[in-house]
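Computed from a prediction, not measured in an experiment: that's the story for all the values here.
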Amino acid sequence: MNNTTKKIVTVGVLGVIAIGGCFWAVKQLFPSNQGVSGPQYSIHTVARGDINVGVEATGNLHPSYGGSIQVPRGDSSSGVSSYIIDKILVKAGDHVDAGQPLVQLSAPGLDTQLETTRDQLESERKSLASMLNVDVDQVDKVDPNKGISLTAPIDGRVTELEVKNGTEVNAGQIVATVVNDSRIELVAKLSATEIEALQDDSCAMLRFPDFYNDPVEAKITDINRTAIPTPNKELNVFVGVDAKIEGYSYVYWVNVEADNPGLLAPEMIAQFGFYDKAEKELPVDQRHITWCSYYTKIEKYVDQEDVLSGVEGVITKTLVKPMEIVKKGTPIATMAGQDVRDEIEKRLDSVRKKKIELSKLEAQSGTLTIKSPSDGTLQEFEKQEGASVSPGEWLGSVFKTSDIYMYVQVDDTDILLVQQGAAVTVTVDAIPGEKFEGVVEEVSASGKDESGVTRFEVGIKVVGNEKVRSGMQGKAFIGAGSAEDVLLVPLEAIFEEEGVRKVEILDADGNVQVVPIEVGMMNSRWAEVTSGLSEGDQVITGSTSDLLPSQQVSGGNNNLFTGK
């Protein structure tokens, strides 16, 4: 094919395309209405339904303030000047309950202070109780004016009663001694050969050559197998080493106790013997008893305690006689006078001060766990674990997400629809699928001009939840009224002539009729019809007579009807 032929073919194709395009354009401007004798209408069947009227507005959500998270201020006298954040138990954005632990602190040195102060208080209380001869738990109830009653520390016999009425005594002076003479105590001294023969479970015997002929059963309470050099002249020499021999002997000490068979007393001579445990059930004369070379003396009664004066003062009255048998707690003597009262007051005051000091430290220790001041959401937290913080330092805030405020701007054309106390429904884009209920709490009495539009501020209180964050944007629908089971028509069906609202309807024959109506509530889509229409009426919402040649009536959710 030559070039001339190619040009002819190309021109022909372009011509066909141009003719086709013109034909399509004409078709669009003058659509075919074959078979249609009248205009087409979009209609809506009047029906009953519900309608809500209100104002929509947007604004940011602001949870109400629930309180600060702060390091405890404590007491300056406690000496705690800083804390360490040991553990952070929550994170920003967490929902917390009132009283929930948030932060665990430690106070360097506080534990040591607490322990030291407790020990000091306990020591002072025991000392005072001992001075007053009362139980420790009775110290706080003491009356200084009653003075001091010196009492028997154990059951026993009063010995060495050294005072009488009017005797002046010093603090710590022995007033009397009370002994329980039912049991004696002594230390036996054994040679090297004897200690080797003594077993840990050996049984013991004592005999008193100047008093009892029959041996007495005894109990070994301690064995010291370390040799102790002892001057020969200090050893009892009824048998064994002569007291006149100079020098030392190595001996071993064994502590022994025994029941007092009667009238045994300290300083009486005794001889210690021992035998094998396996022979304990045998009669005494059949046992193989090893009697030791060195005699010993009864050192004391096992139960023996001194009655001491706790303070300097005067014995006002002695209440027992020497060798009198008494029970534990029996008054031995009394002390009174100004010096005694002053001393008791001084010690009581010291105990009180120490208790106050301990109470402050314990209160400081109790605040080492910082708790939430209210229910809500932790909005921020400024510190990390291990950080040093000072008393009173701010760490973060809690906001009550169940108690939210939202401020919106409403145009002057809608503000009259907004009433204080009106119900509000709020949605939040960041929390899809949830609705939050609210109420209008305040409506500004004056508007502000913003770019030529007057707007009024409306305050809304909203009930939120833990998902809400401060600053989130919400959409509020402020209710202005509602109606249920009323006749509704679309707004596009209503027009106005000479101040009267009207609609067009199609009668049963397909003819168009203009009907005046009265309306009630209206929103952006629907209007409540209070008169002029009945349920089932066909209201015209659009017509082909109102369209350009290129437009068509779309039925949408309505029906299409061809008029006559």
Determine, for [X] against [Y], whether the closest basic-nitrogen to carboxylate-oxygen distance falls under 4.0 angstrom.
X: D375; Y: K400; answer: no
X: R183; Y: D303; answer: no
X: D349; Y: K353; answer: yes
X: D137; Y: R125; answer: no
X: E267; Y: K297; answer: yes
X: K354; Y: E357; answer: yes

Least distance between heavy atoms, [X] atom then [Y] atom:
X: I344; Y: G147; answer: CD1-O, 3.9 Å
X: V424; Y: V426; answer: CG1-CG2, 3.9 Å
X: P391; Y: Y83; answer: CG-CE1, 3.9 Å
X: Y301; Y: L264; answer: OH-O, 3.0 Å

When you check the side-chain N and O atoms of [X] and [Y], is any donor under 3.5 Å from an acceptor?
X: T177; Y: D306; result: yes
X: Q104; Y: T369; result: yes
X: S293; Y: E194; result: yes
X: S249; Y: N232; result: yes
X: E124; Y: S350; result: yes

Does [X] use its side chain to pair, donor to acceptor, with the backbone of [Y] at less than 3.5 Å?
X: H95; Y: T377; value: no
X: T330; Y: K327; value: yes
X: R287; Y: K280; value: yes
X: T151; Y: P331; value: no
X: T58; Y: K475; value: no
X: R157; Y: D181; value: no
X: Q70; Y: W394; value: no
X: E279; Y: H288; value: yes

Is the number of heavy atoms from other residues, nucleotides or ligands within 6.0 Å of [atom1] ([X]) greater than 12?
X: E115; atom1: CD; answer: no
X: Q138; atom1: CD; answer: yes
X: E281; atom1: CD; answer: no
X: Y250; atom1: OH; answer: no
X: E168; atom1: CD; answer: no
X: W291; atom1: CH2; answer: yes

Side chain to side chain donor-acceptor pair (under 3.5 Å) for Q271 and Y295? Distances and angles first, verdict last. CA-CA 5 Å; Q271 186 179 19; Y295 278 57; 3.1 Å; yes

Option among V256, V187, I184 that satisfies the side-chain contact (heavy atoms from CB on, under 4.5 Å) test with E299: V187

Could you state the interatomic distance from CD1 (I370) to OG (S68), rounded to the nearest 0.5 Å? 11.5 Å

